[in-house]
Every structure is written in structure tokens, then in C-alpha cells.
Amino acid sequence: MTVSIFNTLANKKVPLETLEPGLVKLYVCGITAYDYCHIGHARSALVFDMLVRYLRYRDYRVTFVRNFTDIDDKIIKRAAEQQTTCEELSERFIREFHADMAALKTVVPDLEPKATEHLPQIIRLIEELIAKGHAYQRGGDVYYRVESFVGYGKLSGRKLEDMQAGARVSVNEEKENPMDFALWKGSKPGEPTWESPWGPGRPGWHIECSAMSREYLGDTFDIHGGGKDLVFPHHENEIAQSEGASGQPFAKNWIHHGFVTIKEEKMSKSLGNFLTIREVLADHHQEVLRFFVFTTHYRNPLDYSDTALKDSAVGLERLYSAIAALERLPAPAAQAVPTIGPEERGKLATLEERFQEAMDNDLNTAQALGVIFEAVKDLNRLRQQLPTPAAPADLEFLQGIGALLTRLCGIMGLLSEPPAAFLLSLRAQELSELTIAPEEIEQLIVERCEARTAKNWQRADEIRDQLLAAGVELKDGAAGTTWQAKKD
RNA sequence: GGCGGCGUAGCCAAGUGGCUAAGGCAGAGGUCUGCAAAACCUUUAUUCAGCGGUUCGACUCCGCUCGCCGCCUCCA
């Protein structure tokens with residue numbers, strides 16, 4: 001079995017073949033650091049987090065590079081608005097980004113290069129493009145000559161003629177072709193500048209990724225990724241720059257994930273319909289967000305809503321509960337007769353295989369979660385059928401499945417916490433929303449227990465209803481009464 | 001205008017040229033319980049937007065229609 005991934009360049013799903021056996025060189029376009037990240041950025045981070053974890057699980061070594069754009073029109077504008085420097089602004093939001101990533105517990109990239117720290121490489125690349133006829137200078141600007149690159153449009157499936165027909169290309173007398181894009185922008189007063197052969201200025205948006213991926217991964221590498229909105233023009237232009245300069249193929253595989261939408265509309269800064277990562281994490285455990293993200297295939301749109309997050313929380317809790325129940329099982333007895341037969345082990349025995357099949361199929365986490373839940377169902381059933389005490393072999397089997405589930409879920413960053421602690425913390429969060437103090441609840445439970453012992457059902461029900469009204473649900477078990485916050 | 005994607009049960013969401021159309025949430029019935037809750041079991045699409053076509057056979061391939069969304073300008 002091999003990992004197959006949808007490659008935007010080939011426009012189809014292809015088996016992953018790496019340049020060096022067992023090594024994946026991955027470059028992901030990171031953020032432009034000028035504002036807090038929204039959950040669209042979170043999806044991006046989580047999708048590539050899952051990719052890296054899965055590849056490593058499949059025994060690949062992964063070199064993971066994710067850049068920061070720390071010089072750009074939006075940064076200049078925002079810095080001016082906030083009466084600060086571009087440097088201060090971008091550094092501040094890179095810090096905030098790191099805080100968000102830490103909260104999401106994402107895998108840390110091997111390298112996180114910044115555009116402003118690679119000016120020499122950028123300038124060298126532009127010089128190379130000029131020398132090869134792919135770029136030209138106009139005043140203090142340098143433009144890429146799109147017509148000089150025959151493959152222009154091959155990633156996004158567009159033709160130059162079609163695009164020029166569109167009226168949305170900004171008119172610029174300086175350019176030979178309206179589709180030509182800036183590699184170097186001569187500076188205006190007050191803007192951050194770097195010295196260059198074309199005078200003081202700053203790099204265009206696309207060139208940094210070509211320069212930095214080349215610096216750390218070489219002319220050709222395995223996977224380049226980002227959101228679907230980067231396909232054109234950003235990634236198309238990267239290909240033109242990199243292949244134009246090196247004459248070598250750039251990224252072999254292009255992975256693009258879908259957007260997060262709200263009420264079916266793309267979440268974006270310009271529409272103002274975005275939620276920041278920290279806003280969401282204030283109300284939801286990070287694994288709930290992960291669960292939500294991975295219930296949908298990464299290339300499809302993901303519609304955010306409170307209901308969807310609540311559903312995800314319930315699903316995740318079901319996962320944790322199954323594992324926690326396993327941990328609470330009493331010790332086995334050597335003389336007990338095993339009850340789980342080979343036929344019952346059969347389906348669970350193929351769990352990992354079926355999980356891999358789903359993940360190999362273009363990282364189909366939705367399908368993989370389906371496999372996980374099927375196993376949870378079997379696991380719960382077998383556990384409940386276990387005699388007390390159970391045979392050591394049976395217990396070992398179920399705990400082995402539990403451990404495997406934990407490991408597989410870990411690829412999506414799920415079940416990363418000790419189950420009992422997770423369920424407790426979930427309860428703590430629910431607790432904070434209650435209007436009644438835990439001590440008072442405990443006291444009422446004691447009182448109800450006495451009433452029940454006296455078979456005073458009326459009083460017992462009265463107390464239960466009273467607590468229910470306060471949002472507390474009671475659970476009478478063999479070991480006594482426990483309670484939990486009522487789910488709505 | 002150009003290019004691309006999507007439309008599967010109440011909601012979310014996989015999937016496939018022929019095998020029971022996964023799974024989650026919600027709902028219903030049952031086991032358990034003094035009653036509940038939890039857990040478990042059973043159950044919820046003769047059907048995959050609509051209409052045609054290809055095929056022995058399509059939800060899956062092709063065409064058209066309708067609806068929704070995205071890219072073509074900064075965007076994850």
C-alpha cells in the first residue's frame with residue numbers, strides 16, 4: 001500500500017513518490033503576519049499537521065518548512081495604522097501565531113523562514129531571472145515576464161489569453177503584459193527598504209517562497225501546499241519563478257485544502273465573517289476543533305457553526321469514554337475463561353489496515369474516523385460482555401485495541417490526553433457554566449441517597465428534578481451516584 | 001465573461017461501475033435502572049438534486065437543466 005495524494009498539478013490522485021527514498025521535503029505557505037489568525041488558518045495548520053504526522057507514522061522522514069511573510073503591502077498599511085514599524089507588527093503577530101499553534105499542539109516545522117531574512121537569496125534569484133530573460137526592470141521595479149514561461153497557467157489550468165480577457169487585471173503602463181507580476185517593488189517614502197541592483201525597494205509577494213524553498217529544500221522537492229486560494233496567482237507564479245530560474249521541475253506534488261466557510265460563505269478578512277483561533281479555543285477544547293476539521297475531507301469546504309462544534313465535542317467524548325472505560329476495568333483473574341473468540345477479534349484485527357487504507361486514499365480522515373468509530377462500537381460491546389473478573393487474554397486484547405486506537409487517533413492529534421483527565425477537564429468546563437456549587441450538589445446527592453435507602457422515592461425524585469433544573473444530571477451506578485452537567 | 005468544485009437520510013459526512021450506500025450528531029424502540037442518566041443493542045436513504053444517454057448493470061461514466069460555492073484582486 002502506498003500513500004496517494006491529490007496533486008493539483010496533475011489534477012488527479014497520484015501515489016506518492018519521493019525524490020529520495022523515505023524522505024519527504026515539504027514546503028507550506030504560512031501566514032502574512034499582520035493580524036490574529038482565524039480558523040481558516042487553523043484548518044491549514046491542522047491539515048498539514050496531520051499530513052506530517054501521517055507521513056511519519058508511515059515511516060517517512062519529513063523535512064517540513066513553513067514560511068512567514070513578514071513584508072508586504074498589508075503589513076505596511078497595518079503598521080502605519082497602528083503607528084508602529086513593520087518589523088514590530090510582524091514580529092508581534094508571528095508570536096501570536098506561535099501561541100495559537102502551541103494551543104493547537106501542532107507539530108513544529110523544522111524551519112520557519114522569514115522573507116526579510118532572505119533578501120540576498122531573493123535578489124540573487126531575481127538577477128538570475130533577468131539574466132535568463134524571464135524578468136525585466138522598469139524604473140525601480142522588476143517584473144516577471146509571464147509570456148517567457150511556456151508553462152504559465154499549468155497549475156491553475158488557465159491560459160494567458162483567457163486571463164487577459166478578464167477585466168480585473170490592474171492596468172499598469174509599465175508592464176509588457178498585464179499579467180506580469182512584481183518581483184521587486186521600488187520603495188515609496190516611509191516604507192521599509194533594502195538595497196538592490198535596482199535601487200532601494202522590497203520583494204514582491206511570490207518571490208520569497210521561491211527563494212526560501214530553494215534555499216532549504218533545493219530546486220526540486222516533493223510537496224508544496226497551501227489553501228486553495230493560493231493556487232492562482234501565488235503558486236502559479238512561484239512555479240514560473242522557480243522553474244524559470246532553475247530549469248528544473250519545482251514541487252512534484254501540490255496539495256491544496258478547502259476553505260472554512262460560515263453559512264456557506266468563505267471565511268475571510270475582507271468579508272469580516274471570521275472567528276479567530278483564540279476565540280474558538282476559549283469555548284472549545286483544541287481536540288474538538290481538530291475533530292471538527294477532520295470529519296470533512298481536507299479538499300472540501302468546511303462549514304463552521306456552533307452546532308457542528310457541539311456535535312464534534314460529543315463525538316470526541318465518545319472516543320475518550322471508550323478508552324476511559326477500558327482503563328477502569330477490574331484486574332483480570334487467571335482462572336477466568338476467555339469469552340472473546342477469534343471470530344469476534346476478526347474485525348478489530350483489521351482496524352489498522354482499514355485505517356491506513358482510508359488515510360492512503362488522499363488523507364481521507366472522514367473515512368478514517370468512520371473506521372475508528374466502528375472499532376469503538378465493537379470495543380464497547382465486547383467490553384460490556386466481559387465477565388467479572390475477565391480472563392487476562394481478553395483484557396489484554398481489548399487494551400491492545402485501546403492502545404492502537406489512541407495511536408491512530410494521535411495522527412489527527414486526537415486522544416492526546418489521558419482519558420480520565422480529559423473527561424474531568426471537560427467536566428470542569430461544563431462546571432464553570434453551572435449556577436450551583438459542586439459542594440451543594442454533593443450534599444443534595446447525600447440527602448437523596450438517604451431518601452432512596454428509606455425508599456422515599458418522592459423526595460429522591462424531588463432532589464433529582466431540582467438538580468436537573470440547575471443543569472445537573474445524576475447517574476446512579478453500582479458504585480454510587482455520580483453526576484455531570486446536563487448537555488443541551 | 002473565463003476556469004474549477006459541490007448537491008448523498010432531520011443535520012454533518014464518507015464511498016463506489018455490480019457485493020448490506022461507512023461513520024458521527026439528533027430521533028424512535030429495547031436491555032439495564034425504584035424512576036432516570038450513562039453504556040449497549042435494534043432502528044432511521046429501495047435511494048444518492050432533476051432529466052436524458054452509454055452499459056448486461058450507474059449514485060458512481062457522458063450530456064443537459066436547476067441550485068449552491070470558490071478562483072480569476074489580498075487571502076489558508
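Chain identifiers are assigned alphabetically (A, B, ...) following the order of the sequence lines, protein sequences preceding nucleic acid strands; residue numbering begins at 1 within each chain.
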Phosphate OP1/OP2 of B/G7 contacted by A/Asn300 side-chain N/O (<4.0 Å):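 Checking B/G7 against A/Asn300, no side-chain N or O comes under 4.0 Å of OP1 or OP2.
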Residue-phosphate contact under 4.0 Å: A/Asn380 side-chain N/O, B/C40 OP1/OP2: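 True: A/Asn380 side-chain N/O within range (under 4.0 Å) of B/C40 OP1/OP2.
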Less than 6.0 angstrom separating the ring centers of [X] and [Y], yes or no?
X	Y	answer
A/Phe221	A/Phe250	yes
A/Tyr144	A/Phe181	yes
A/His235	A/His256	yes
A/His257	A/Tyr298	no

With rounding to whole Å, what would you report as the distance between [N] and [M] at their [atom1] atoms?
N	M	atom1	value
B/U42	B/G50	P	31 Å
B/A58	B/G29	C1'	36 Å
B/G23	B/C35	P	32 Å
B/G53	B/U60	C1'	15 Å
B/G15	B/A9	P	16 Å
B/C62	B/G17	C1'	13 Å
B/C12	B/G30	P	30 Å

B/S/- contact track for nucleotides 21-27 of chain B, protein heavy atom under 4.0 Å: -BSSS--
Ring pair (Phe, Tyr, Trp, His ring centres under 6.0 Å) between A/His285 and A/Phe422, worked out: CA-CA 10 Å; A/His285 191 277; A/Phe422 174 86; 4.9 Å; yes
Salt bridge (Lys or Arg N to Asp or Glu O under 4.0 Å) evaluation trace for A/Glu81 with A/Lys77: CA-CA 6 Å; A/Glu81 283 166 11; A/Lys77 185 162 173 268; 3.6 Å; yes
Gap between atoms CE and P, on A/Met412 and B/A13 respectively (whole Å):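 Those two atoms, CE and P, are 17 Å apart.
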Between P of B/G34 and CZ of A/Arg448, the distance in whole Å: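 Rounded to whole Å, this separation is 11 Å.
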Stem regions touching RNA chain B, defined by at least 3 consecutive Watson-Crick or wobble G-U pairs below 3.5 angstrom: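 Paired runs of 3+ in RNA chain B: B:1-7 with B:66-72, B:10-12 with B:23-25, B:27-31 with B:39-43, B:49-53 with B:61-65.
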Interatomic distance, A/Leu369 atom CG to A/Leu414 atom CG [nearest 0.5 angstrom]: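 The distance works out to 6.5 Å.
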Of residues 221-230 of chain A, the positions that come close to RNA chain B - non-hydrogen atoms, cut-off under 4.0 Å: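 The answer is A/Gly226, A/Gly227, A/Asp229, A/Leu230.
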SB check A/Arg278 A/Asp100 (cutoff 4.0 Å):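 Yes.
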pair A/Thr32-A/Phe68: side-chain heavy atoms closer than 4.5 Å: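 A side-chain contact under 4.5 Å is absent here.
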Touch class at under 4.0 angstrom, heavy-atom based, for A/Asp461 against every strand present: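 Base contact.
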Stacking check A/Trp457 vs B/G34 (5.5 Å / 30 deg):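 It does: the two rings, one from A/Trp457 and one from B/G34, meet the stacking criterion.
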